[in-house]
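What follows is a short report on a single structure.
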Amino acid sequence: MPHELPKAYEPGDIEKRWAEYWISEKLFSVKTPPAGEKRPVFTLLLPPPNVTGRLHMGHMLNQTQMDIIVRWHRMRGFLTLWLPGTDHAGIATQMMVDRQLRSEGKSRLGMGREKFVERVWEWKRHYGGAILDQMKRLGASVDWDREYFTMDENLSRAVREVFVRLYEQGLIYRGKYIVNWCADCGTAISDLEVKHEDVPGKLYEIRYPVIGSDEFITVATTRPETMLGDTAVAVNEKDERYTHLHGKKVLLPLMKREIPIITDELAQPEFGTGAVKVTPAHDANDFEAGLRHNLPQIEVIDEHNKMSSNAGPYAGLDRFAARAKVLEDLTAQGFLVATKDYTVALGKCDRSGTIVEPRLSTQWFVKIKPMADKAIAAVERGEITIVPDNYRQVYLNWMRNIHDWCISRQLWWGHRIPAWRCSCGEMIVARETPAKCPKCGAAALEQDTDVLDTWFSSGLLPFTTLGWPEKTRDQEVFYPTTLLITAYEILFFWVARMVMFGCHFMQGHQQDPALKQASGWGEKKDDSVPFRQVYIHALVRDAERQKMSKTKGNVIDPLEIIERFGTDATRFTLAAMAAPGTDIAFNESRTDGYRKFANKIWNAARFMFMNLDAAEHAGVWKRAELPADLGGFRPETLEDRWILSRFQRVTKDVNDALETFRFHEAANRIYDFFWGDFCDWYIELIKPRLAVDGNKDSVKAACGNLMSLFEASLRLLHPVMPFITEEIWQAVYDGKPPQKSIALAAYPKADETRIDLDAETEMAVLQDLIVSVRNLRAELKVETKAKVPIQIYAPENGVRGLVEGNRNAVERLATVENVEFVQTSLARLPGARHTARFDVHVIYEKQVDVAAERERLKKDLEKIEKEIANGQRQLSNEQFLAKAPAQVVEGLKKRAAELQVLREKTASKLKELG
RNA sequence: GGGCGGUUAGCUCAGCUGGUUAGAGCGCCUGCCUUACAAGCAGGAGGUCGCAGGUUCGAGUCCUGCACUGCCCACCA
């Protein structure tokens with residue numbers, strides 16, 4: 001790799017090149033180790049995007065976080081498996097292909113099930129890989145050799161196995177119940193797929209004539225059209241208003257049907273009139289009540305949301321047209337008593353937006369309670385930790401109030417339910433297509449036409465992707481997976497289901513004890529859980545905090561952002577903004593800032609290579625093998641000791657932050673270190689030492705130190721910015737790196753013995769001095785290039801020695817030409833600045849702006865006084881001295897001493913100025 | 001109806017387990033094309049941490065209430 005790097009960083013080609021390299025070299029493919037290996041293992045399952053999906057910001061955030069964690073583990077020596085795949089996404093995909101067919105003038109129904117499914121497969125082969133290709137652009141370090149698709153044969157077999165086992169265990173049943181029906185999708189959907197929306201509506205009060213009296217009983221409803229299917233009116237047993245009507249009947253208006261008045265807890269005396277109409281076929285509560293009282297179920301709305309023949313004169317009308325007509329007729333006949341404004345929680349289909357109809361229908365259900373109990377226990381016992389912690393409670397609440405899960409869908413695309421019906425009425429649930437009916441021997445069996453809810457199969461992925469139902473080595477090694485990173489939105493859809501299925505089907509499973517131990521999970525007792533940890537990340541919103549949506553047109557396309565700013569910068573943005581618990585308002589200006597950060601790194605690299613090459617050319621230094629992990633770093637000067645110390649700190653902080661998913665902290669720490677410490681100070685300080693005409697040994701050391709530290713910093717940054725770090729890292733090794741990729745190099749580990757407090761303190765004083773002089777120069781309006789003489793008063797020997805020892809640095813970085821030490825304080829002079837440890841005076845003929853100076857000092861003094869007062873109050877408080885940690889007291893005392901000095905200097909100067 | 005978050009500089013956000021002087025980026029102002037970087041450098045202005053109480057030696061951080069705001073869950077017509 002030539003070191004003639006272009007002046008500005010151009011991510012496009014570089015990123016593409018390395019993304020391809022990582023894949024073609026199979027760097028992230030994992031071989032399952034045999035028994036006997038003792039190595040930490042890290043497993044992560046990619047939440048499978050829909051095959052129909054296109055990468056959006058949510059994916060990108062999710063994948064960036066996963067990739068950071070994955071690369072970090074890999075570099076720390078974990079056997080790291082990240083499993084990618086896609087979800088067949090039943091409804092979404094079917095709708096997509098439906099639409100395509102329609103545009104060709106064809107229809108699903110016209111072509112028949114078999115042909116349609118074949119067509120979907122064809123579509124999948126063509127377009128299904130798009131989202132994974134987009135992932136490749138992000139640099140996601142997944143194991144492409146293990147890519148799965150939820151409809152793969154082996155995964156489908158596992159799905160059938162699960163279904164049959166649950167059926168045999170009595171945990172799957174089939175029955176006619178109220179389900180959420182979406183007429184648009186033509187299928188039942190689960191409770192989770194219904195989104196409630198508060199909309200202004202009406203509450204209608206309708207009176208039903210009581211038979212055998214001239215009395216009426218008034219019921220309240222938001223859905224008058226369902227009265228056509230009423231089979232009772234309920235009142236509460238304790239409601240004395242209605243005691244005299246118990247056992248009587250009413251004549252249902254419009255339908256002229258006699259229906260009983262029943263007593264049931266369904267009716268709450270406080271609400272409305274205390275009497276409620278009962279429509280068992282169109283309301284979940286009424287359905288239950290109907291069962292309790294053995295009421296007939298009259299379906300008046302069909303699967304197309306039209307009134308059925310049971311609706312008499314209203315048959316054929318759309319449900320809402322029917323509502324209008326019913327109200328009209330009720331009014332005309334004097335049955336409508338009142339119409340009140342009322343907010344209705346309308347249930348809409350998550351997918352199509354159609355208003356969902358509670359409808360009586362025969363479906364398959366999972367009896368969820370037994371599995372939910374295990375899933376609750378796993379989290380309660382801490383076998384699974386959920387981060388941030390508040391989601392733990394959300395999860396538990398949901399799990400404790402869970403209802404049976406409707407798993408059948410009236411679709412063609414998906415895992416078909418492995419149940420067959422014989423004409424004799426026998427139902428056969430089997431792993432493989434049965435040849436004949438076990439009861440009557442008939443061969444003409446019809447398979448159930450429904451498919452399974454997509455989440456049924458994705459809920460199994462943690463173990464089915466590892467070869468279940470066979471007992472495989474993969475499971476011993478990689479199950480339970482270590483972590484799951486996902487969005488809150490699918491906590492219930494997916495996470496909760498994985499926990500239930502995992503705990504149920506992997507009960508008794510044991511991870512290879514040696515690997516489990518080495519991975520740090522030794523104390524965990526239960527290896528049936530699908531993952532040890534769950535991290536829930538925030539939502540990405542637009543810059544105005546709005547949820548992104550196609551209809552609002554505020555969707556930010558990550559690929560477009562990547563195109564403009566580079567993948568690394570985009571990844572960095574997402575990491576830096578991802579503070580746990582808060583949503584991310586994606587702001588391009590931040591990404592632009594991180595693009596500049598990449599450029600900064602790039603130019604620091606150019607600087608380094610320029611100097612290394614010059615040194616090598618001059619024969620002062622040879623680019624030999626770079627000792628691993630800062631092994632070649634020889635601290636010679638203050639800045640060497642200082643930067644080494646700072647590096648240990650940033651390394652510690654970054655590792656700590658990643659341990660607890662504080663991505664923003666990790667990113668910001670590296671940013672500050674690299675830009676602030678490394679570029680602004682270290683590089684500036686080391687510059688003269690790199691001059692090839694200098695002392696050979698010291699040039700050599702400087703080159704080695706610069707390169708060592710840069711190389712280590714690249715490794716530190718790599719999980720967040722994989723591309724630019726790879727590019728420069730490869731160049732550092734001149735195409736002969738010790739590993740094929742920086743992704744396989746070791747992650748920096750903090751060595752706290754290399755933290756040098758003295759160096760940090762001294763450097764801070766030096767920085768203070770230089771900044772003070774720069775300050776004064778600006779204030780005095782000294783021409784930029786003019787070197788000025790300065791005077792320094794530094795009563796402490798240490799400080800004086802420090803400045804003398806780094807006189808060069810001061811002269812260069814503050815543009816100073818002569819440093820004179822004096823014996824008396826300079827604080828009062830115009831054109832001087834002071835800190836607690838030194839005074840510095842810039843000798844220059846121009847005058848300071850006295851008024852401005854006075855203002856500044858006044859402000860300073862005020863602050864100092866305030867702080868002194870605060871400090872004194874605390875230090876004179878016995879309680880404080882007794883209770884506060886010694887370190888805090890000590891610090892405060894030290895500060896108090898400093899403040900005294902500062903106050904005196906500042907006050908006397910202020911006095912001087914008048 | 002239940003639950004969960006947010007409110008800190010003009011804007012977008014950090015501030016983890018309470019501890020000395022509340023930070024960053026962007027924007028703004030001033031001066032610099034100093035041979036790594038003008039996608040840069042140097043300097044600067046800008047905050048009674050939503051409001052009111054409380055706990056504590058000490059509160060942006062913990063507690064209570066209020067206000068505004070966002071989200072999730074829910075089979076009361």
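Sequence lines set the chain letters: A, B, ... in the order given, protein chains first and strands last, and positions in each chain run from 1. As the structure is a prediction and not an experimental result, all values here were calculated from the model.
B/rU12 is paired with B/rA24 under the Watson-Crick or G-U wobble criterion, all donor-acceptor distances under 3.5 Å. Under the Watson-Crick or G-U wobble criterion, with both distances below 3.5 Å, B/rG65 is paired with B/rC51. Both distances falling under 3.5 Å, in either a Watson-Crick or a G-U wobble arrangement, occur for no nucleotide opposite B/rG60. Partner assigned to B/rC73 is B/rG1, using Watson-Crick or G-U wobble distances below 3.5 angstrom.
As rounded to whole Å, 16 Å separates atom P of B/rA77 from atom NZ of A/Lys202. Between A/Glu659 atom CD and B/rU17 atom C1' the separation is 16 Å, expressed in whole Å. As rounded to whole Å, 16 Å separates atom C1' of B/rG19 from atom NZ of A/Lys894. Here the P atom of nucleotide B/rG40 and the CZ atom of A/Phe607 are 18 Å apart, to the nearest Å. Regarding A/Ile178, its CD1 atom lies at a distance of 13 Å from the P atom of B/rC75, rounded to whole Å. Put simply, CG on A/Asp677 is 14 Å from P on B/rA24, counting in whole angstrom units. One interatomic measurement links the two molecules: CZ of A/Arg777 to P of B/rC32, which rounds to 13 Å at whole-angstrom precision. For the pair A/Ile189 CD1 and B/rC75 P, the computed distance is 13 Å after rounding to whole Å.
Residue A/Lys687 places at least one side-chain N or O closer than 4.0 Å to OP1 or OP2 of B/rA36. Distances shorter than 4.0 Å separate some side-chain N or O of A/His664 from OP1 or OP2 on B/rG15. OP1 and OP2 of B/rC72 both lie 4.0 Å or more from every side-chain N or O belonging to A/Lys195. Checking the phosphate oxygens (OP1, OP2) of B/rC57, a side-chain nitrogen or oxygen of A/Lys883 falls inside 4.0 Å. The shortest distance between the side-chain N/O atoms of A/Arg590 and the OP1/OP2 oxygens of B/rG25 is not below 4.0 Å. Under 4.0 angstrom from either OP1 or OP2 of B/rG40 there lies no side-chain N or O belonging to A/Trp602. In this structure, A/Asn599 does not reach the B/rG40 phosphate: none of its side-chain N or O atoms is under 4.0 Å from OP1 or OP2. Contact check, A/Lys7 against B/rA38: a side-chain N or O comes under 4.0 Å of OP1 or OP2. For B/rA77, neither phosphate oxygen OP1 nor OP2 lies less than 4.0 angstrom from any side-chain nitrogen or oxygen of A/Tyr204.
Donor-acceptor pairing under 3.5 Å, judged by distance alone, is present between the side chain of A/Glu684 and the base of B/rA36. Residue A/Gln874 places a side-chain atom within donor-acceptor reach of the base of B/rG19, judged by atom type and a 3.5 Å distance cut-off alone. A donor-acceptor contact under 3.5 Å is formed by the side chain of A/Asn285 with the base of B/rC75. Residue-to-nucleotide contacts include a donor-acceptor pair under 3.5 Å from the side chain of A/His403 to the base of B/rC75. For A/Lys600 and B/rC37, a side-chain-to-base donor-acceptor distance below 3.5 Å is present, hydrogens and geometry of angles not being considered.
The shortest non-hydrogen separation linking A/Asp350 to A/Lys195 is OD1-CG, 3.5 Å. Residues A/Met57 and A/Ile556 share a closest heavy-atom pair of CG-O, 3.6 Å.
Between the side chain of A/Asp568 and the main chain of A/Ile724, a donor-acceptor pair closer than 3.5 Å is present. Under a 3.5 Å cut-off, the side chain of A/Arg903 and the backbone N or O of A/Glu898 do not form any donor-acceptor pair. In this structure, the side chain of A/Thr835 engages the main chain of A/Arg837 through a donor-acceptor pair within 3.5 Å. One N or O on the side chain of A/Asn236 and one on the backbone of A/Lys238 form a donor-acceptor pair closer than 3.5 Å.
Ranked by how close their nearest RNA chain B nucleotide is to the 5' end, A/Val771 and A/Trp398 are led by A/Val771. Along RNA chain B, the nucleotide nearest A/Ala8 and the nucleotide nearest A/Lys277 are compared for position; the residue whose nucleotide lies closer to the 5' end is A/Ala8.
Ion pairing of A/Arg649 with A/Asp653 is absent here, as no side-chain N (NZ or NE/NH1/NH2) approaches a carboxylate O to less than 4.0 Å. Look at A/Glu817 and A/Lys787 and you find no salt bridge, because none of the NZ, NE, NH1 or NH2 atoms lies under 4.0 Å from a carboxylate O. Between A/Glu357 and A/Arg223, at least one side-chain nitrogen of the basic residue sits less than 4.0 Å from a carboxylate oxygen of the acidic one, meeting the salt-bridge criterion. No salt bridge links A/Glu890 with A/Lys893; every basic N to acidic carboxylate O contact stays at or beyond 4.0 Å. Salt bridge status for A/Lys859 with A/Glu862: absent, with no side-chain N to carboxylate O gap under 4.0 Å.
Taking the side chain of A/Met610 as heavy atoms from C-beta on, and the options B/rG19, B/rA36, B/rA77, the nearest nucleotide is B/rA36. Nearest to the side chain of A/Asp198, among B/rG58, B/rA74, B/rG43, sits B/rA74. Ranking B/rA77, B/rA36, B/rC41 by closeness to the A/Val276 side chain, first place goes to B/rA77. In the set B/rC32, B/rG19, B/rG25, the nucleotide with an atom closest to the side chain of A/Thr784 is B/rC32. The side chain of A/Ala345 has B/rA74 as its nearest neighbour among B/rA74, B/rC32, B/rC57. Counting only heavy atoms from C-beta on, A/Phe880 has its side chain closest to B/rG19 among B/rG19, B/rC37, B/rC41. Taking every side-chain heavy atom of A/Pro885 into account, B/rG19 is the closest of B/rA77, B/rG43, B/rG19. When distances run from any side-chain atom of A/Asp680 to the nucleotides B/rA77, B/rA42, B/rA36, the shortest one goes to B/rA42. Here the nucleotide nearest the side chain of A/Gln879, chosen from B/rA36, B/rC57, B/rC72, is B/rC57. Comparing B/rC26, B/rU20, B/rU12 by their closest approach to the side chain of A/Leu892 singles out B/rU20.
As rounded to the nearest Å, B/rA24 and B/rC66 have P atoms that lie 37 Å from one another. Straight-line distance between the C1' atoms of B/rU21 and B/rG47: roughly 14 Å, to the nearest whole Å. B/rG65 and B/rU48 have their P atoms separated by 28 Å, given to the nearest Å. When the C1' atom is used for both B/rG18 and B/rG58, the distance is 8 Å, rounded to whole Å. For the P atom pair drawn from B/rA36 and B/rC41, the interatomic distance equals 13 Å after rounding to whole Å. Atom C1' of B/rG23 sits at a distance of 14 Å from the matching atom of B/rG46, rounded to the whole Å. If you take atom C1' in B/rG53 and the same atom in B/rU12, they sit 32 Å apart, rounded to whole Å. B/rA14 and B/rU61 have their C1' atoms separated by 13 Å, given to the nearest Å.
Taking every heavy atom of residues 859-868 of chain A and every atom of RNA chain B, pairs under 4.0 Å involve A/Lys859, A/Glu867, by number.
As judged by a 4.0 angstrom heavy-atom cut-off over every strand, A/Ala284 is placed among residues making no nucleic acid contact. Nucleic acid contact for A/Tyr488: sugar-phosphate only, since backbone atoms but no base atoms lie under 4.0 Å from a heavy atom of the residue.
Stacking of A/Lys596 on the aromatic ring of A/Phe565 is not recorded, the 6.0 Å distance cut-off and the 45° axial limit not both being met.
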